[in-house]
Amino acid sequence: MTVVAFAEKNKAAAQIASILGDGEVEKIAVEGLPAYEFKWKGEEWLVMGLSGHIMNYDFPEQYNKWSEVNPGVLLGVDPEKFVTRADYAAAVKNLAKRADKIILACDYDREGENIGFEAKTLAEEVTNVPFERARFSALSPKEVKKAFENLMDPDYNMAMAAEARQILDLKMGAAFTRFVTLSVREKARTKDILSIGPCQTPTCGFVYEREKVIRAFQAKDFWKITAIFSAKGGEFEGTHRAGNIHDKEKAAEIFKKLKGAKEGLVAKKTVKETKTSPPNPLNTTEFLKRASKFLGISPELALEVAEQLYLAGFTSYPRTETNKYADDFDFKSFVLDFARQKEYKPFAESILIAPIVPKNGDKDGHDHPPIHPIRAASRGEVSSAINIPQAPEVYDLIARHFLANLMPAAIFEKTHLHLLVKEDPFDSSGTVLKDSGWLEAYPFENKKDKLLPFVEEGEEVGIKKLSNTKSKTSPPKKLTEAELLTLMDKNGIGTKATAPSHIETNKKRGYFETKGKTVSMLDTGFTLMEGLSLTVPILVRPDIRAKIETLIQEVEDGKKEFEAALDEGIALLREMYSQLEANKKELTSSIAGTIKDEAALEDKKNYIETCKACGHVLRIVQTDSGRFVGCTGYPDCRNSYPLPKTGALTVLRSKECKKEGAAVLKVGNKYNWAVGIGPCFKCDLEKECYPPETVGPCPECDGSMFLITFKDTRFLGCTKRCGYTHSVPKAGKLTLLDKTCEGCGWRMFRLKEEGESPEEDFCVNRRCKEGRKYWKKPGTGNEARIRKTASLSPAASSAAIPVTGRTSKVLAADLKKNK
DNA sequence: GCAAGGTC
């Protein structure tokens with residue numbers, strides 16, 4: 001007789017084999033995967049671990065093209081179950097063929113029952129031997145032996161409850177995600193996926209609810225009356241019992257009455273001793289919360305580190321709901337181990353002097369013990385074994401938490417003083433740590449004393465200062481990741497193993513982000529949640545998960561047929577889906593708006609500013625017919641500005657238009673353009689905006705000549721764009737000087753040519769006697785040009801600019817247009 | 001390409 005058993009994972013299979021096989025176990029390979037062979041009660045046993053789920057659901061092929069399937073249709077399509085781990089499926093069949101009896105020995109929970117049924121389904125393809133179920137709550141010899149001596153029937157209902165969850169989760173996720181994503185893409189160009197899911201969406205909902213309160217918050221003034229008292233032992237602060245006074249007059253009235261008071265009376269003094277118990281043992285959720293709160297490590301990373309610590313033998317299995325130790329847990333051997341480790345020695349020794357009594361919680365998931373260290377290790381040992389920088393501190397947290405859990409309560413002494421100042425009551429309090437107890441081993445908790453000098457009841461104390469301070473109420477704080485985990489846990493969102501992944505999904509989608517310990521809503525997430533809460537509010541709240549959970553619990557309890565529960569669940573999804581569909585426009589236009597805004601903000605090259613008309617974003621828009629500055633809020637917002645037709649545009653971030661233009665743009669290398677009020681050079685305030693270096697007055701109009709550098713050439717142009725231009729030397733480094741020409745008043749230039757030619761200062765103005773001297777000089781090569789230029793009319797003189805034909809045309813057109 | 005649940 002050969003008995004084959006399937007456990008949830010290899011680790012469990014090995015443990016079961018070692019318990020039942022009593023050490024006489026042979027490790028074998030089945031299809032390349034580990035399995036364990038041994039004898040128990042005269043029978044041949046083969047135990048293999050699976051890898052969690054080895055099957056999954058998906059829609060049939062023809063439904064996988066998003067563009068060809070109406071997402072709502074998916075709610076009515078039956079997904080197919082297929083093998084995701086072919087290696088495990090082959091191994092299951094291989095072992096099943098050898099079996100006379102098969103035992104499902106996965107974890108004792110809904111998913112474990114389902115995973116067992118996956119193996120059962122596969123095995124049934126090759127055998128028709130009977131199946132039985134071993135149920136154990138811990139991998140201890142006692143529990144395991146009991147389970148295998150008292151085999152039960154596999155629980156079909158329990159497995160089908162998980163099956164219903166899988167199908168409903170997939171239908172909802174696929175239909176809703178595709179609907180929202182595709183609808184938004186009709187209005188905004190994006191490759192991003194806007195996902196919706198029964199866990200991720202309520203998780204985002206928690207962040208949204210807090211954000212909404214923060215955004216709606218309006219600060220209010222309040223006043224607080226405080227006094228600094230002085231006693232023999234020192235000074236201390238007291239607060240008027242009225243606390244935060246929101247009425248300014250009332251505060252003033254009280255303060256007026258108190259003014260001039262020189263002393264107060266200690267009317268009553270109470271001293272109370274309070275005990276703070278050590279924390280409960282760590283289950284997964286509590287561990288993740290503390291890793292985030294104390295170490296600033298994200299739940300995702302914390303779980304990963306804990307997994308590595310577990311695999312390396314430093315700590316116990318990290319996925320557990322249990323926060324109480326089993327009665328027979330051997331604390332002493334662990335503590336003795338810690339007594340040999342320098343960092344933890346003092347705490348371990350203090351624990352060993354008395355009988356060990358742990359502080360226990362009340363959750364027992366019947367799965368694994370609380371997370372605890374398996375062996376004492378130094379930070380160095382941990383960091384050399386695990387290649388994650390945070391591993392030593394995570395280990396340290398788990399180790400110290402374990403030790404703290406076994407230590408006595410911390411004792412505080414709290415003193416409260418009730419004082420009277422001109423009959424008005426004041427309060428003052430202080431706290432002193434009398435016995436640090438478990439806090440000694442647990443530096444993560446704040447244990448600062450707030451000291452009060454010694455005063456006696458009935459004592460008169462002096463008043464050093466009385467103040468009436470105005471403050472503002474502050475908005476609620478952003479959620480911390482630890483608080484988010486608490487909300488998820490309380491509302492049954494996700495499981496101990498999946499909660500971090502739901503947070504990650506939301507981050508990946510750009511719905512929210514975490515900075516250190518706090519979670520911040522991002523605009524896409526906020527708009528999506530806002531849209532959903534207005535159309536299908538149940539989606540944003542934990543209700544959606546709760547409703548599905550109720551349905552599948554009824555399947556598990558045998559109160560409802562699988563098919564009936566599925567139908568009900570689908571009906572619920574259809575109802576939500578039609579609400580979403582009916583409000584498609586409202587939902588998608590706001591999300592599309594946010595996506596466009598975010599894209600426009602990201603597009604540094606074209607971004608101009610936030611639109612003052614509507615709050616969306618102004619940016620440069622290029623179309624086939626030309627370019628302009630337009631608003632992402634179009635067509636609702638038609639705010640727009642023209643731009644010059646040619647020339648590369650560069651937004652000058654450092655320039656600010658003084659005439660309330662939105663931004664200053666550089667056009668090619670020629671001139672600037674202020675968005676909203678036209679080109680800068682036409683602006684009266686041009687000098688404040690972007691002063692051109694003028695050379696002197698234009699001989700043709702009342703403008704000024706300034707140096708224009710364009711592509712490979714340079715020349716003088718007129719600020720009034722009258723059309724008059726003037727050449728400058730083509731080669732060499734040209735510097736405009738402050739000194740002016742005695743002949744015409746134009747500023748002079750200095751030229752430093754390549755090679756050893758000396759620097760010289762000169763006037764370039766051909767209409768000036770001094771200027772002509774320069775151009776006539778041999779080597780400037782411009783004698784002929786002077787004659788040619790002189791023969792042309794000023795209006796056509798731009799043709800004389802020594803540039804290519806094309807550029808000169810473009811330039812001329814621009815100059816004309818901008819006039 | 002979509003979810004959530006296992007586990008490595």
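Letters A, B, ... mirror the listed sequences (proteins, then strands); counts begin at 1.
Screening residues 46-73 of chain A for ring-ring contact (aromatic ring centres under 6.0 Å, His included), with sequence neighbours left out, gives no hits.
Annotation: proximity of residues 154-182 of chain A to DNA chain B (heavy atom, distance under 4.0 Å) is found for A:R165, A:Q166, A:D169, A:L170, A:G173, A:A174, A:T177, A:R178, numbered in ascending order.
Minimum atom distance to the side chain of A:P198 is reached by B:dA4, of the listed B:dT7, B:dA4, B:dC8. For A:C199, whose side chain is taken as the heavy atoms from C-beta onward, the closest listed nucleotide among B:dG5, B:dA3, B:dC2 is B:dG5.
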Side-chain donor-acceptor pairs under 3.5 Å in residues 579-590 of chain A, sequence neighbours left out?
{"residue": "A:N583", "atom": "ND2", "partner": "A:Q579", "partner atom": "O", "Å": "2.7"}
{"residue": "A:K584", "atom": "NZ", "partner": "A:E186", "partner atom": "OE1", "Å": "3.4"}
{"residue": "A:K584", "atom": "NZ", "partner": "A:E186", "partner atom": "OE2", "Å": "3.3"}
{"residue": "A:T588", "atom": "OG1", "partner": "A:K584", "partner atom": "O", "Å": "2.6"}
{"residue": "A:S589", "atom": "OG", "partner": "A:K585", "partner atom": "O", "Å": "3.1"}
{"residue": "A:S590", "atom": "OG", "partner": "A:E586", "partner atom": "O", "Å": "3.4"}
{"residue": "A:S590", "atom": "OG", "partner": "A:L587", "partner atom": "O", "Å": "3.2"}

Please output the side-chain donor-acceptor pairs of residues 150-158 of chain A that fall under 3.5 Å, not counting sequence neighbours, one pair per line with the distance.
{"residue": "A:N150", "atom": "ND2", "partner": "A:K146", "partner atom": "O", "Å": "2.7"}
{"residue": "A:D155", "atom": "OD1", "partner": "A:N157", "partner atom": "N", "Å": "3.2"}
{"residue": "A:D155", "atom": "OD1", "partner": "A:M158", "partner atom": "N", "Å": "3.1"}

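Using a 4.0 Å heavy-atom cutoff across all strands shown, A:D107 reaches sugar-phosphate atoms only and no base atom. When heavy atoms are screened at a 4.0 angstrom cut-off, A:G49 is found touching no nucleic acid atom at all. Using a 4.0 Å heavy-atom distance criterion, A:I54 is classed as making no nucleic acid contact. Base contact: A:R85 has a heavy atom under 4.0 Å from a base atom.
We find that CG of A:L528 is positioned 14 Å from C1' of B:dC2, with the value rounded to whole Å. Across the protein-nucleic acid pair, A:L539 atom CG and B:dA3 atom P stand 14 Å apart, rounded to whole Å.
At B:dT7, one or more side-chain N or O atoms of A:Y317 fall inside 4.0 Å of OP1 or OP2 (strictly under the cut-off).
Listed by chain and residue number, A:F526 satisfy the ring pair (Phe, Tyr, Trp, His ring centres under 6.0 Å) test with A:Y208 (two or more places apart in sequence, or in another chain). Residues forming a salt bridge (Lys or Arg N to Asp or Glu O under 4.0 Å) with A:E556 (at least two apart in sequence, or on another chain): A:R110.
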